[in-house]
Amino acid sequence: MHLCKPGIRVATVRRRGHNPPSFLPGATAPRRPLPPEPPMTVVRTRIAPSPTGDPHVGTAYVALFNYCFAKQHGGQFLLRIEDTDQVRSTRESEEAILRSLRWLGLSWDEGPDVGGPHGPYRQSERSAIYRAHADELLEKGHAFRCFCDAHRLDTVRKAQIAANQTPGYDGQCRSIPAAESAARAAAGETHVVRMNVPREGVCEIDDLLRGRVEIEWIQVDMQVLLKSDGLPTYHLANVVDDHLMGITHVLRGEEWISSAPKHLLLYKYFGWEAPQLCHMPLLRNPDKSKLSKRKNPTSIVYYERMGFLPEALLNYLGMMAWSMPDEREKFNLEEMVANFDLTRVSLGGPVFDQAKLSWLNGRWIRESLTPAQFGERVAQWALNQDYLARITPLVQGRVERLSDLGAMTSFFFQGLIEVNAADLTVKGLDADGVRRALQWSSWRMEEVTPFTRDVLDRTLRETAELLGLKVKDYLRVLFVAFTGRPVATPLFETMELLGRDLCRARLRHAQVLLGLMTSKEEKKWKGELDAAVTAKAEAAAQAQAAAAATPAEG
RNA sequence: GUCCCCAUCGUCUAGUCAGGCCCAGGACGCCGGCCUUUCAAGCCGGUAACGCGGGUUCAAAUCCCGCUGGGGACGCCA
């Protein structure tokens with residue numbers, strides 16, 4: 001592959017403002033006006049989502065910037081699936097992520113679904129490549145096998161924290177002679193591969209937005225590259241793939257700055273030229289912390305179910321940390337690409353503001369859609385045969401006139417619903433008891449996979465049991481939370497139809513109404529839930545043992 | 001605890017690199033008014049910010065230093 005990147009220097013954009021300017025390595029940082037791009041090398045960027053959950057708006061945000069950057073330079077944008085976490089990665093999640101990104105109007109030139117010359121684009125299908133590269137590092141002495149078990153690592157870490165030291169691997173296995181290390185591995189002893197990291201000196205990172213960032217090597221841990229399951233960690237896979245796939249610019253979340261030294265070191269170890277790094281500010285919750293689903297809806301699917309237009313959501317994401325040169329707020333993808341300029345990225349972490357998103361969405365609805373198109377969108381959204389056909393069976397036995405349908409099913413066509421706090425009660429529980437019950441429900445609901453009638457049925461019945469409540473009494477409050485009324489269509493079917501995202505949002509809405517848990521309560525309640533689960537499991541085990549013993553004696 | 005990043009209205013931001021045009025502009029939200037059969041929308045007006053302290057300079061939101069504040073990272077997760 002002819003993927004070396006001779007002198008790629010696409011717009012080494014320095015951020016405007018406070019950074020000392022001219023001492024960048026090689027002093028190549030051009031000042032405005034930016035120089036024309038060296039034409040010989042094509043810009044290639046990528047988004048590399050990990051399929052371990054719901055499609056996250058943060059993923060779309062980073063994807064959008066990578067897309068715009070690549071397209072603006074006439075380059076390519078790739079999608080790669082980072083599914084090296086065998087435990088948490090699922091194919092459903094991967095599919096949902098691709099679907100959501102496409103729904104938003106993003107497309108990629110290469111990816112697991114569209115193919116391309118640098119595939120496979122799913123890391124789980126590239127294990128041999130990583131293994132070979134890990135071996136290469138082992139041979140060159142840039143990495144070593146580590147035979148420490150989780151228990152020892154944990155002990156070391158705790159001791160370090162207790163001693164107010166920076167936690168990190170203590171280097172124990174680094175001194176194992178190569179022959180012994182190889183022999184133990186050959187004998188089948190489980191181990192990981194860790195990278196060697198200098199214990200002195202400073203790593204210099206050139207960030208397209210921040211200029212030079214320095215991190216002392218002593219701050220960098222001897223990162224695991226190959227896990228004991230033989231699969232790579234992000235750090236190895238990401239570097240190997242970015243190189244092999246000819247990625248020239250990596251735009252990613254700010255959270256990665258601190259591991260950039262590891263990546264840069266790996267490029268050096270392999271003798272490769274590193275891509276330009278660019279760390280985007282993180283999307284934030286209203287309290288300024290990193291956007292998280294605990295505090296804010298983060299799933300793209302949620303926004304879809306709430307009735308946001310994909311072009312509006314994408315537009316909104318585009319105005320996070322970035323602005324059009326003429327400050328116009330409504331723009332489409334094409335316009336963003338045409339005007340894109342890294343120089344216009346501001347570094348303060350933008351708060352994802354539901355209110356402003358709604359306003360923007362409203363503008364798109366009334367300014368960019370003809371009445372006919374609007375009708376089509378509405379139909380596409382929920383007033384479609386598929387959705388209707390799943391709802392009508394639930395109400396047929398409950399209506400007397402067709403016109404009863406509207407009032408009876410309104411909550412299927414709403415986003416958040418109006419709930420009367422006075423209806424959020426559970427027989428036998430005081431206010432805090434209800435709050436706790438709802439929180440337990442929230443936790444249990446996250447474990448429901450797939451989000452279907454049967455699994456919901458099983459899980460929620462069990463939750464009632466854990467709470468020591470009659471199923472009927474417990475479910476009533478959920479009816480209220482999800483539908484706004486104590487009596488409605490069958491709960492589990494309704495939840496399935498509403499979907500995980502809307503259910504999560506409505507439950508949370510109800511919780512907010514009663515007062516969200518404090519962090520103290522969170523800790524306490526979580527402990528109580530775990531204890532209840534454990535107790536139930538033990539009781540079940542005992543019962544089983546007893547059942548097994550009885551016939552044997554008799 | 002250690003390291004790193006960041007800092008303009010409550011929020012998104014323009015202005016910061018090339019200091020004066022900025023007693024800081026736009027937008028969301030909120031408040032008030034107009035329009036209107038209602039409500040939205042639209043239009044008009046109002047509210048509200050350069051975190052603090054030192055420098056440099058004739059001049060600092062803009063440059064430098066310190067402080068404070070916020071955020072992130074420190075996993076066989078990504």
Side-chain angles (χ1 to χ4, degrees), chain A residues 13-22 29-33 48-53 56 59 81-89 123 146 148-150 153-154 157 160-169 190-194 203 205 207 209-211 213-221 223-235 237-238 252-261 279 281-282 284-290 316 319-330 343-344 346-360 362-363 365-367:
Chain A
V13 177
R14 293 296 328 294
R15 87 171 269 230
R16 304 153 294 163
H18 316 294
N19 273 320
S22 57
R31 312 299 288 263
R32 195 187 288 193
S50 175
T52 53
H56 199 282
T59 304
I81 294 294
E82 309 236 327
D83 55 351
T84 55
D85 184 341
Q86 270 185 309
V87 181
R88 295 193 303 157
S89 295
Q123 292 185 329
C146 171
C148 298
D149 60 18
L153 261 21
D154 194 44
R157 180 163 292 117
Q160 288 166 329
I161 291 171
N164 262 342
Q165 291 173 321
T166 306
Y169 184 62
T190 56
H191 63 275
V192 301
V193 175
R194 286 181 187 275
C203 177
I205 303 155
D207 186 279
L209 291 169
R210 297 154 209 269
V213 175
E214 296 184 352
I215 295 176
E216 294 187 342
W217 284 116
I218 195 72
Q219 297 293 334
V220 182
D221 198 10
Q223 184 63 50
V224 170
L225 297 177
L226 219 52
K227 300 179 271 187
S228 55
D229 64 4
L231 291 182
T233 56
Y234 168 85
H235 307 282
N238 149 268
R252 53 168 24 165
E254 190 178 7
E255 52 195 334
W256 292 107
I257 292 181
S258 52
S259 42
H279 294 94
L282 259 20
R284 310 289 185 91
N285 295 312
D287 70 359
K288 292 279 188 184
S289 58
K290 172 165 116 172
Y316 185 66
M319 51 191 282
M320 296 280 85
W322 189 79
S323 61
M324 274 284 195
D326 62 1
E327 285 198 74
R328 103 186 84 131
E329 301 193 287
K330 182 162 168 265
T343 251
R344 299 194 63 82
S346 56
L347 294 177
V351 171
F352 193 95
D353 180 14
Q354 304 283 331
K356 189 148 187 179
L357 169 60
S358 293
W359 163 79
L360 225 208
R363 277 194 66 181
I365 287 176
R366 70 185 96 91
E367 294 173 13

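Predicted, not measured: the structure shown is a model, and the values here were computed from it. Letters A, B, ... are given to chains in the order of the sequence lines, protein chains preceding strands, and every chain is numbered from 1.
Here C17(B) presents its P atom at 15 Å from CG of Leu347(A), a figure rounded to the nearest Å. Remark: C1' of C12(B) and CG of Asn285(A) are 16 Å apart, rounded to the nearest angstrom. Residue Trp322(A) contributes atom CH2, which lies 16 Å from atom C1' of G26(B) at whole-angstrom precision. Atom NZ in Lys356(A) sits roughly 12 Å away from atom P in U11(B) (whole-Å rounding). Atom-to-atom, CD1 of Ile257(A) to P of C5(B) comes out at 7 Å; the value is rounded to the nearest Å. G25(B) atom C1' lies 13 Å from atom CD of Glu329(A), rounded to whole Å. Taking atom CD of residue Gln354(A) and atom P of nucleotide G10(B), one finds them 20 Å apart after rounding to whole Å. Met319(A) places its CE atom 11 Å from the P atom of G29(B), with the value rounded to the nearest Å.
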Every protein N/O within reach of nucleotides 65-70 of chain B N/O, cut-off under 3.5 Å:
none

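In terms of modelled atom types and a separation under 3.5 Å, the side chain of Asp353(A) and the main chain of Ala355(A) share a donor-acceptor contact. Judged purely by atom type and a 3.5 angstrom limit, Arg157(A) has no side-chain atom pairing as donor or acceptor with the backbone of Pro167(A). Within the 3.5 Å criterion, the main-chain N or O of Met319(A) finds no donor-acceptor partner in the side chain of Glu329(A). Using modelled atom types, one side-chain atom of Thr233(A) and one backbone atom of Val224(A) make a donor-acceptor pair closer than 3.5 Å. Formation of a donor-acceptor pair under 3.5 Å by the Asp207(A) side chain with backbone atoms of His279(A) is found in this model. Between the Asp326(A) side chain and the Arg328(A) main chain, a donor and an acceptor come within less than 3.5 Å of each other.
Closest of all the heavy-atom pairs between Cys148(A) and Leu153(A) is CB-CD1, 3.6 Å. Closest approach of Arg210(A) to Pro281(A), counting heavy atoms only: NH2-N, 3.9 Å. Here the closest non-hydrogen pair linking Ile257(A) and Val213(A) is CG2-CG1, 4.4 Å.
Taking only side-chain nitrogens and oxygens, Arg328(A) never comes nearer than 4.0 Å to OP1 or OP2 of A14(B). The phosphate of C4(B) (OP1 or OP2) has no side-chain N or O of Arg210(A) nearer than 4.0 angstrom.
C9(B) and C4(B) have their C1' atoms separated by 29 Å, given to the nearest Å. Rounded to the nearest Å, the gap between the C1' atom of A49(B) and that of C22(B) is 13 Å. Distance noted for atom P between A59(B) and A73(B): 43 Å (whole Å). Comparing the P positions of U2(B) and G55(B) gives an interatomic distance of 30 Å, to the nearest angstrom. Rounded to whole Å, the separation between the P atoms of G54(B) and G46(B) comes to 34 Å. Using P as the reference atom, U36(B) and G51(B) are 45 Å apart when rounded to the nearest Å. Straight-line distance between the P atoms of G69(B) and A40(B): roughly 43 Å, to the nearest whole Å. Comparing the P positions of C74(B) and U11(B) gives an interatomic distance of 27 Å, to the nearest angstrom.
Comparing Ala355(A) and Gln165(A) along RNA chain B, the residue whose closest nucleotide (by nearest heavy atom) sits nearer the 5' end is Gln165(A). Residues Leu357(A) and Ile215(A) both approach RNA chain B. Their nearest nucleotides, taken by heavy-atom distance, put Ile215(A) toward the 5′ side.
Taken from OG in Ser50(A) to CD in Gln123(A), the straight-line distance is 8.5 Å, to the nearest 0.5 Å.
The residues Glu254(A) and Lys290(A) are annotated as not salt-bridged, no charged nitrogen and carboxylate oxygen being separated by less than 4.0 angstrom.
Across all strands shown, A18(B) has no partner, as no Watson-Crick or G-U wobble contact with both distances under 3.5 Å is found. Summarising the base pairing, U36(B) is matched to no nucleotide, lacking a Watson-Crick or G-U wobble pair whose two defining distances lie under 3.5 Å. Using N1 to N3 plus N6-O4 or O6-N4 for Watson-Crick, or N1-O2 and O6-N3 for G-U wobble, each under 3.5 Å, C30(B) pairs with G46(B). Across all strands shown, C63(B) forms a Watson-Crick or G-U wobble pair with G55(B), both key distances being under 3.5 Å. Applying the Watson-Crick and G-U wobble criteria (two distances, each under 3.5 Å), U68(B) pairs with A7(B). In this entry C23(B) has no Watson-Crick or G-U wobble partner, no candidate having both defining distances under 3.5 Å.
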Q.
I'd like to compare against my own output: the B/S/- annotation of nucleotides 73-78 of chain B with a strict under-4.0 Å heavy-atom distance to protein.
A. SSSBBB
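Within 4.0 Å of Gln160(A), counting heavy atoms only, lies no atom of the nucleic acid at all. Within 4.0 Å of Leu360(A), counting heavy atoms only, lies no atom of the nucleic acid at all.
With sequence neighbours left out, the ring-ring contact (aromatic ring centres under 6.0 Å, His included) criterion links His191(A) to Phe147(A).
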